[in-house]
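This report concerns only the one structure given below.
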Amino acid sequence: MPEIDVIVIGGGLAGLTSAIHLSKEGVRVLLIEKNDYPKHKVCGEYVSNEVLPYLNYLGFNPFDFGAKHISEFELTTHNNKSISAKLPLGGFGMSRYEMDFQLYQLALKNNVEVLCDTVTNVSIKNDMFRIATKSNKDIQAKLVLGAFGKRSNLDAKFQRKFMTKKSPYLGVKIHVSGQFSEEKVALHNFKGGYCGMSKVENGNINLCYITNYEAFKKYKDIETFQEEVLFKNMALKEVFKNSKPKFEKPLAISQISFETKKPVENHMIMCGDSAGMIHPLCGNGMGMAIRSSQLASQLIIDYLKEKIKTREELEKAYTIHWKKAFNFRLKAGHTIAYLFRQDWLAPKLLVFLRWFSFLVPQIIKMTHGKPMKV
Ligand SMILES: Cc1cc2nc3c(=O)[nH]c(=O)nc-3n(C[C@H](O)[C@H](O)[C@H](O)COP(=O)(O)OP(=O)(O)OC[C@H]3O[C@@H](n4cnc5c(N)ncnc54)[C@H](O)[C@@H]3O)c2cc1C
């Protein structure tokens with residue numbers, strides 16, 4: 001293996017975009033991802049347009065692969081009250097199966113070395129990082145970028161604080177074929193959770209919901225839960241009942257945590273969900289993942305070019321910039337999700353927003369950023 005400047009752990013959106021950015025600037029990057037591409041992931045698959053200028057700079061245009069333009073937003077409550085609005089910036093619909101795969105192809109084109117393996121340990125000695133993998137590889141690099149997602153074996157290894165707290169959320173996703181507007185992303189609430197709906201590149205509708213385990217455990221399986229809880233919302237019932245599943249069974253993940261994390265852990269620069277996760281209700285986790293990788297890549301390049309003199313300085317600068325970019329969004333996202341989780345309050349909020357509809361784009365803006373500068 002040639003000498004490596006940066007090892008990126010995790011090849012989701014954060015890992016792939018930072019690997020591409022770094023390699024474009026001549027940095028020697030090794031990206032380690034535990035799964036093969038392409039692969040479906042539990043995700044709402046609505047991406048805010050704020051990332052488009054940066055994706056284009058990296059050489060990726062989602063519309064070349066059939067992504068759908070999305071400009072409208074609909075919100076319904078568990079008792080069938082609804083509101084619609086134009087999205088301030090808009091976004092696009094693209095499956096993670098396709099988007100991660102295409103970015104992976106681009107990373108390869110940019111000479112990123114990609115290894116399919118699971119990182120099991122990261123240590124640092126004499127200013128050099130050393131990583132160990134499941135298949136007994138031992139690799140050294142000047143820096144390690146942690147982009148290993150919302151919950152990983154490495155979070156347990158480093159005893160990150162959020163791992164000690166119970167995370168009651170689980171997520172379910174399925175692609176279906178059926179009738180749904182291409183321009184719309186809908187957020188349909190039900191008691192104990194909410195379901196995002198939008199179209200992706202191949203015309204399928206992505207249905208992805210998140211619920212808390214308390215609400216779910218009273219029912220014996222996903223089908224009964226959907227029938228008894230989700231379908232009280234008529235908009236959900238309509239699409240679920242009149243569409244055909246494209247997966248044999250839905251994908252499900254559990255223990256989703258929204259606890260605060262640190263943007264630098266064990267001297268690793270953390271990106272995407274590894275650094276902090278916004279409620280999916282805000283539809284901007286992917287935007288945050290991509291923006292944080294730009295932030296990290298720019299500072300890492302400055303460090304490798306010795307514009308930033310020490311690793312300590314790099315860690316400090318990244319922490320400050322990360323907090324400035326994301327702390328407010330995260331807080332706003334948590335508050336909005338908390339308010340809409342209150343079954344008694346959500347319908348009242350919706351009536352209020354119908355009266356003061358000009359507030360809807362303002363609320364959306366609180367959890368999103370301006371188009372990224374390149
Ligand atoms: C139910 C739900 C709905 C959502 N809907 C939306 C939405 O509509 N819009 C939006 O913008 N965001 C949404 N999000 C958030 C979005 O999915 C995440 O913010 C985004 O995937 C973060 O990207 P990432 O690269 O940080 O992590 P990931 O995409 O999870 O990538 C992490 C990668 O690291 C790999 N990995 C982990 N550990 C190791 C290891 N030890 N060694 C090697 N590889 C490893 C994993 O295999 C994985 O591929 C949603 C999230 C959930 C849970």
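First listed ligand is number 1; within each ligand, the first listed atom is number 1.
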(message) So if I only count non-hydrogen atoms and take anything under 4.0 Å from ligand 1, which residues does that give, chain by chain?
(response) Ile9, Gly10, Gly11, Gly12, Leu13, Ala14, Ile32, Glu33, Lys34, Asn35, Lys41, Val42, Cys43, Gly44, Glu45, Tyr46, Arg96, Asp117, Thr118, Val119, Ala147, Phe148, Gly149, Lys150, Ser152, Asn153, Leu154, Cys208, Ile256, Gly272, Asp273, Met277, Pro280, Gly283, Asn284, Gly285, Met286, Ala289
(request) Compute the ring centroids of His175 and Phe247, then answer whether they are less than 6.0 Å apart. (result) yes
(request) May I ask you to check whether Phe356 and Phe352 place their ring centres under 6.0 Å from each other? (result) yes
(message) Ring centroids only, cut at 6.0 angstrom: are Tyr37 and Tyr104 within range, meaning strictly under it?
(response) yes
(message) Does the structure place the NZ or CZ of Lys261 under 6.0 Å from the centre of the six-membered ring of Phe162, at an angle of no more than 45° from the ring's axis?
(response) yes
(message) Go through it in stages, so that I can follow the logic: the residues are His279 and Tyr338, the test is ring-ring contact (aromatic ring centres under 6.0 Å, His included), and I'd like the CA-CA distance, side-chain angles, deciding distance and then a yes or no.
(response) CA-CA 10 Å; His279 271 270; Tyr338 173 80; 9.8 Å; no
(message) Would you say the ring centers of Tyr209 and His188 fall short of 6.0 Å from each other?
(response) no
